[in-house]
Chemist: 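Below are the structure tokens for one structure; questions will follow.
Just so it is clear, the values below take in all heavy atoms, side chains as well, and ignore hydrogens, waters and symmetry mates. In what follows, chains are A, B, ... by sequence order, proteins preceding strands, each numbered from 1.
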Number of protein chains: 2
Amino acid sequence: MTKIKDNTTDQTLCPVARAEAVVGDRWTVLVLRELFARSHRFEEIQAQTGGTPQMITARLKKLEADGLVTRRVYNKHPLRHEYHLTEKGTAFFPVLMALRAWGEAWCKSPRDGRAMNYTHITCGKPAGLGPVCESCGEPVRRDDMVGERTPKYQKERDARWEAFKASR
Amino acid sequence: MTKIKDNTTDQTLCPVARAEAVVGDRWTVLVLRELFARSHRFEEIQAQTGGTPQMITARLKKLEADGLVTRRVYNKHPLRHEYHLTEKGTAFFPVLMALRAWGEAWCKSPRDGRAMNYTHITCGKPAGLGPVCESCGEPVRRDDMVGERTPKYQKERDARWEAFKASR
DNA sequence: CCATATTGCTATGAAAATCATAGTAACAAG
DNA sequence: CTTGTTACTATGATTTTCATAGCAATATGG
């Protein structure tokens, strides 16, 4: 079992350093992204993040220990779990949204296009990138939006799943 | 020189994965925090993040290569640089704020107290944690706020600097 | 009832990154 | 001419990560 460093970073008052002790790791964030995308099973998460089983096991264990994730039994004999976000995990949403906005704005070639489009439920229009709805100006929360993958991104995910299945 | 993995993560449309290929690392985020805190010299950054020289060198190099940071010569003979955020680096601010808010809310014991207090310049009152000013309701940006360290956090930083100086 | 498939992991070893510690180069100050 | 300062680089032990393989428990198909 692989362990993950969380250092003595919790010996600082700085909330950024403390948060990073929990989520300061690429795999961890990718796993969280999948949980927000409603992938709850181990293999889905593994396939869509591209991590090795150990990476995923270790992150899920740490996320559970840190209180962001719970295991939920969906099948005994054989014992099988689904992974779900807790309140603490769900509260991470704004960080993911900010990261997404920054990634959209600064980390891609313009011809790539969007991966997701969000609709602000309360106003029914596109939510845009910022923390505030582009269409109506209200602050947006997780439960106030519906996300929809663009066909291109959906295709990419389907392909990844197929590739994953084929390789085993 | 240590290299940092950025994988083939830029072979996805997902902006989160793409962003993580750049900033998905604890040291990188801590370095960015210091740059936002206006620590521009190598040793300040090293002291306040607690990283080894290699860690810091490698992150600064990668951040420069990724376009978030520029070196600025402040002294020739011997050649000395200061590190500054570019526009792309500055644009990372909302992520850091979201992370800070989550860290404040979920990663500390209540008795610890705040590290920073921000004031919303345009309304003159405390900005609070969210992406929207707690006092006046307007969305807050980096240049719309002044941050002030709490005495306790300032003390912690001073102590870290002293300890660093003493150990060399 | 037997073979194959499915799910959710664990095991192994090579390659890479990290950490602690020490050292260096170029000057400046006393 | 000795000591201090700044910004690193070098070294080697320890840890992590990655790729690949394997396995246990059951479901499914014939």
Chemist: Please report the distance, rounded to the nearest Å, between CG in Leu79(A) and P in dT10(C).
Modeler: 12 Å

Chemist: Based on the rotation axes of five pairs at each end, what angle does the helix from dC1(C)-dG30(D) to dG30(C)-dC1(D) bend through, to 10°?
Modeler: 10°

Chemist: For Asp112(B), give me all partners under salt bridge (Lys or Arg N to Asp or Glu O under 4.0 Å), at least two apart in sequence or on another chain.
Modeler: Arg18(A)

Chemist: Mind checking what makes side chain to side chain donor-acceptor pair (under 3.5 Å) contact with Glu156(B), not counting sequence neighbours?
Modeler: Thr12(A), Arg160(B)

Chemist: Could you give the CD1-to-P distance, from Ile45(B) to dT6(D), as a whole number of Å?
Modeler: 14 Å

Chemist: Nearest whole Å is fine: how far is dG8(C) C1' from His40(A) NE2?
Modeler: 17 Å

Chemist: Tabulated below should be each protein N or O lying under 3.5 Å from an N or O of nucleotides 5-7 of chain C; please produce it.
Modeler:
unit_1: dT7(C); atom_1: OP2; unit_2: Lys165(A); atom_2: NZ; d: 2.3
unit_1: dT7(C); atom_1: O2; unit_2: Arg80(A); atom_2: NH2; d: 2.7

Chemist: According to side chain to side chain donor-acceptor pair (under 3.5 Å), who are the partners of Thr122(B), at least two apart in sequence or on a separate chain?
Modeler: His120(B)

Chemist: Any salt bridge (Lys or Arg N to Asp or Glu O under 4.0 Å) involving residues 91-110 of chain B? Give me the pairs, sequence neighbours left out, ordered by first then second residue.
Modeler: Glu104(B)-Lys108(B), Glu104(B)-Arg114(B)

Chemist: Tell me the interatomic distance from Trp27(A), atom CH2, to dA17(C), atom P, rounded to whole angstroms.
Modeler: 14 Å

Chemist: Got a sec: does the CD of Glu148(A) have more than 12 other heavy atoms crowding it under 6.0 Å?
Modeler: no

Chemist: What does the list of N/O pairs under 3.5 Å between the protein and nucleotides 11-14 of chain D look like, with a distance for each?
Modeler:
unit_1: dT11(D); atom_1: O4; unit_2: Gln54(B); atom_2: NE2; d: 2.9

Chemist: Could you note down all residue pairs passing salt bridge (Lys or Arg N to Asp or Glu O under 4.0 Å) where residues 132-143 of chain A supplies at least one of them, sequence neighbours left out?
Modeler: none

Chemist: Phosphate oxygens OP1/OP2 of dG8(C): is one of them under 4.0 Å from a side-chain N or O of Tyr83(A)?
Modeler: no

Chemist: Partners of Thr119(B) by side-chain contact (heavy atoms from CB on, under 4.5 Å), sequence neighbours excluded?
Modeler: Val146(B)

Chemist: Whole angstroms only, please: what is the CG-P distance between Asp25(A) and dT15(D)?
Modeler: 18 Å

Chemist: Looking at residues at least two apart in the chain, or sitting in another chain, which of them share a side chain to side chain donor-acceptor pair (under 3.5 Å) with Glu64(B)?
Modeler: Arg71(B)

Chemist: Roughly how many Å is it from CE in Met55(A) to P in dT15(D), rounded to a whole number?
Modeler: 16 Å

Chemist: dC8(D) P sits how many Å from Gln46(B) CD, rounded?
Modeler: 10 Å

Chemist: Using side chain to side chain donor-acceptor pair (under 3.5 Å) as the criterion, list what pairs up with Ser39(B), not counting sequence neighbours.
Modeler: Glu34(B)

Chemist: Applying salt bridge (Lys or Arg N to Asp or Glu O under 4.0 Å) as the test, list every pair that has at least one member in residues 82-94 of chain A; sequence neighbours left out.
Modeler: Arg41(A)-Glu82(A)

Chemist: Give me the atom names and distance for the closest heavy-atom approach of Ala101(A) to Leu129(A).
Modeler: CB-O, 3.8 Å

Chemist: Atom CZ of Arg26(B) and atom C1' of dA17(C): how far apart are they, to the nearest Å?
Modeler: 14 Å

